[in-house]
Amino acid sequence: MNINDYGILPNHDDLPGIPARVTAVHKERYELVCAHGTIYARLKTKEYFVDHQEHPTTGDFVMISFNENGDSQILATLPRRTFFSRREPGPIPKDQAVAANFDYVFIMQSLNLDFNPKRLERYLTLAWQSGATPVILLTKADLVEDYWDYLTRIERAAAGVNVHVVSARTGYGLPRLNAYLQPGKTVVFLGSSGVGKSSLV
């Protein structure tokens with residue numbers, strides 16, 4: 001498996017171990033891809049609980065000590081190009097990363113009751129702050145006869161941002177997304193419940 005197919009690998013020449021990318025976080029256990037395929041790993045205690053290094057999140061590139069007979073060890077979190085974070089509750093509030101190193105943010109709104117320009121503006125702000133490129137997807141095109149009014153309202157709220165009208169049910173507009181879904185590129189989906197994120201995936 002070529003780790004470069006999973007995104008732009010940060011410089012790691014002076015660090016021990018081999019590079020990997022986090023594909024899922026299961027509490028204290030991490031699912032990774034690396035040259036050895038899909039593996040699982042845990043944080044090395046000194047680096048993360050004594051030296052207080054940034055804990056990895058989904059999308060992070062990390063350096064690992066590979067163990068073919070069990071869980072590997074994560075030695076270091078590599079610098080992030082882009083990331084989403086949320087405020088972590090506690091006596092000293094701090095930001096906690098929830099996704100990292102993505103290239104595009106698919107901001108999704110459906111062409112029915114979910115359509116909300118104000119919510120779209122908030123999502124656009126989050127996308128620009130992350131450092132990635134926002135792309136607006138208007139989903140469920142099969143539910144409306146005419147979507148041009150929606151496009152006009154979107155253009156006023158999101159000038160200069162690419163907008164695509166799609167339907168996961170009929171396949172309408174999906175080929176236009178191929179330009180984003182390329183090896184080495186990562187996409188995150190942002191949208192309210194019921195907008196069609198799972199259907200599109």
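Please read these numbers as outputs of a predicted model, since none were measured by experiment.
The closest donor-acceptor contact from the side chain of Ser167 to the backbone of Tyr172 lies at 3.5 Å or more, if one exists at all. A donor-acceptor pair under 3.5 Å links the side-chain atoms of Asp146 to the main chain of Trp148, judged by distance alone.
The closest side-chain heavy-atom distance from His26 to Glu31 is below 4.5 Å. Taking the side chain as every heavy atom from C-beta outward, Ile64 and Val62 approach each other to under 4.5 Å. Taking the side chain as every heavy atom from C-beta outward, Thr77 and Glu47 never approach each other to under 4.5 Å. Side chains of His55 and Phe49 form a contact here, defined as non-hydrogen atoms less than 4.5 Å apart. In this structure, Thr139 and Gln109 have side chains that are not in contact, with every pair of non-hydrogen atoms separated by 4.5 Å or more. When side chains are defined from C-beta on, Ile3 counts as touching Val33, because their heavy atoms get closer than 4.5 Å. At a threshold of 4.5 Å between non-hydrogen side-chain atoms, the residues Asn4 and Leu9 count as touching. Inter-residue side-chain proximity for Leu120 and Ile136 is flagged as met; some heavy-atom pair is nearer than 4.5 Å.
Here NZ of Lys197 is found 10.0 Å from OG of Ser110. Values are rounded to the nearest 0.5 Å. Taking CD1 of Ile8 as the start and CG of Asn101 as the end, the distance is 9.0 Å to the nearest 0.5 Å. For the atom pair Leu111 CG and Leu137 CG, the distance stands at 10.5 Å (nearest 0.5 Å). Rounding to the nearest 0.5 Å places CZ of Arg119 at 12.5 Å from CD1 of Ile107. Interatomic distance, CZ of Arg80 versus OG of Ser130, reported as 13.0 Å (0.5 Å rounding). Note that the NE2 atom of His36 and the CG atom of Asn67 stand 10.5 Å from one another [nearest 0.5 Å].
Of all non-hydrogen atoms in Ser199 and Ala168, the two that sit nearest each other are O-CB, 3.8 Å. For the pair Ala41 and Ile74, the tightest heavy-atom approach, listed with the atom from each and the gap, is CB-CG1, 3.7 Å. Between Ala76 and Tyr48, the shortest heavy-atom contact is C-OH, 3.0 Å. Smallest separation of non-hydrogen atoms from Met108 and Val195: O-CG2, 3.3 Å. Contact detail for Ala97 and Thr57: the closest heavy-atom pair is O-OG1, 3.3 Å. For the pair Leu138 and Leu151, the tightest heavy-atom approach, listed with the atom from each and the gap, is CD1-CD2, 3.9 Å.
Taking the six-membered ring for Trp and the full ring otherwise, the centers of Phe102 and Phe83 sit at least 6.0 Å from each other. Taking the six-membered ring for Trp and the full ring otherwise, Tyr30 and Tyr40 have centroids separated by 6.0 Å or more. In this structure, His164 has its ring center at least 6.0 angstrom away from the ring center of Phe106.
Both Leu190 and Val161 are members of a single hydrophobic cluster when ILVMFWY side chains are connected at heavy-atom separations under 4.5 Å. In the hydrophobic cluster analysis, where Ile, Leu, Val, Met, Phe, Trp and Tyr join through side-chain heavy atoms closer than 4.5 angstrom, Phe66 is grouped apart from Leu75. Using a 4.5 Å cut-off between side-chain heavy atoms of Ile, Leu, Val, Met, Phe, Trp and Tyr, with links allowed through other members, Ile39 and Phe61 fall into different hydrophobic clusters. Tyr150 and Leu124 fall within a single hydrophobic cluster, where Ile, Leu, Val, Met, Phe, Trp and Tyr are joined by side-chain heavy atoms under 4.5 Å apart, directly or via other members. Side-chain heavy atoms closer than 4.5 Å link hydrophobic residues (I, L, V, M, F, W, Y) into clusters, and following such links, possibly through other members, connects Tyr123 to Phe84.
The aromatic rings of Tyr104 and Tyr180 sit perpendicular to each other, their planes meeting at more than 60°, with 30° as the lower class boundary.
Counting only residues at least two apart or in different chains, salt bridge (charged side-chain N to carboxylate O under 4.0 Å, His left out) contacts with residues 1-16 are absent.
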Notebook entry, point to check: Can you list the steps and then say if Glu28 with Arg42 is a side-chain contact (heavy atoms from CB on, under 4.5 Å)?
Noted result: CA-CA 6 Å; Glu28 295 86 13; Arg42 296 179 185 271; 3.9 Å; yes

Note to self: Under the criterion side-chain contact (heavy atoms from CB on, under 4.5 Å), I'd like the reasoning laid out for Val105 against Leu126: C-alpha separation, chi angles, the key distance, then a yes or no.
What the structure shows: CA-CA 9 Å; Val105 179; Leu126 288 172; over 6 Å; no

Note to self: One pair to check against side-chain contact (heavy atoms from CB on, under 4.5 Å): Leu32 and Ser72. What are the steps and the verdict?
What the structure shows: CA-CA 10 Å; Leu32 313 173; Ser72 298; 5.6 Å; no

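Here Asp60 does not pair with Arg21 in a salt bridge; the nearest charged N to carboxylate O distance is not below 4.0 Å.
Atom CZ of Arg169 has 12 or fewer neighbouring heavy atoms from other residues, nucleotides or ligands inside a 6.0 Å radius.
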